[in-house]
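Worth knowing before you read on, the calculation uses all heavy atoms, side chains too, and leaves out hydrogens, waters and symmetry mates.
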Amino acid sequence: MTGDARTPVRAALSLTAWCAAAAQSPPPVAVEGGADPSGQVYAWRLVNRSDKPVARIAFPHFHADLFTPPSGWGQNCTYLVNQGVPDRPGVCEAVAPEDGWLPGATADITMRIAASGAVRAPGRITITFTDGGVAHVDGVELPHAPSHLERFVPLMAFGAVIAIVLIRRALRRVTNAAAPDARSTGGNPPSV
């Protein structure tokens with residue numbers, strides 16, 4: 001088979017891939033917002049662009065201590081920061097009223113994060129419709145648990161500073177100990 005025979009097949013596959021990419025619909029819920037400059041308050045404005053009512057919206061979190069859904073909505077949260085609660089990632093769900101969050105409607109949701117421990121990063125929220133369908137919206141700024149590297153960087157930096165101080169002290173001792181030896185190798189002091 002020659003290169004010319006494959007060209008129509010490749011062109012057809014490319015056209016099919018392009019059409020599939022162009023036909024992708026936008027997410028069913030538009031999400032704007034994220035963390036404020038302090039990184040402690042996340043605020044999102046959501047718009048239901050689907051043709052179905054939404055039953056609930058789930059936001060993953062790390063170190064959230066307060067979650068505020070729209071007025072009249074319920075909430076379910078796991079692992080909010082509190083005494084006796086394990087320090088692990090959780091999920092906060094905004095639960096729409098019985099009829100659901102109607103198409104075209106807007107909702108404002110906020111989440112407060114404890115003073116330390118979470119990092120901002122894009123993530124995925126989960127939308128559940130009243131008919132049981134589920135959709136995901138990626139790229140939403142959310143509070144995540146820091147990676148192991150991010151957790152230990154301050155400790156490693158502190159250890160590096162201590163190591164540098166100890167090495168400098170050891171080098172001074174060696175230099176100071178070598179200085180008297182260098183002066184004493186010149187022989188006996190002259191007699192007067």
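- Note that CG of Asp99 and OG1 of Thr130 are 9.0 Å apart. Values are rounded to the nearest 0.5 Å.
- Contact detail for Trp44 and Val31: the closest heavy-atom pair is CD1-CG1, 4.0 Å.
- Between Ile127 atom CD1 and Ile57 atom CD1 the span is 4.5 Å, to the nearest 0.5 Å.
- Under a cut-off of 6.0 angstrom, the local environment of CZ in Arg45 is sparse, with at most 12 non-hydrogen atoms contributed by other residues, nucleotides or ligands.
- Remark: Thr175 OG1 to Arg168 CZ distance equals 11.0 Å, nearest 0.5 Å.
- Side-chain contact between Trp101 and Pro70 is absent, with no heavy-atom pair separated by less than 4.5 Å.
- Residues Phe129 and Val54 form a side-chain contact, since some pair of their non-hydrogen atoms from C-beta on lies under 4.5 Å apart.
- Taking every heavy atom of both residues into account, His144 and Pro122 meet most closely at NE2-O, 3.4 Å.
- Considering every non-hydrogen atom in both Asp36 and Arg120, the closest pair reads O-NH2, 3.3 Å.
- Minimum interatomic distance between Pro97 and Gly72 (heavy atoms only, all atoms of both residues): CG-O, 3.8 Å.
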Handout entry: Verdict with supporting geometry, Leu142 and Phe62, side-chain contact (heavy atoms from CB on, under 4.5 Å)
Key = CA-CA 9 Å; Leu142 297 167; Phe62 183 70; over 6 Å; no

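- Rounding to the nearest 0.5 angstrom, the gap separating the CD1 atom in Ile113 from the CG atom in Leu80 is 9.5 Å.
- The two residues Glu93 and Ala58 make their nearest non-hydrogen contact at CG-CB, 3.8 Å.
- Between the CD1 atom of Ile164 and the CZ atom of Arg169 there is a distance of 14.0 Å, given to the nearest 0.5 Å.
- Within the 4.5 Å cutoff, side-chain heavy atoms of Asn48 are placed close to those of Ser50.
- Across every non-hydrogen atom of Pro69 and Gln75, the tightest pair is CG-CB, 4.0 Å.
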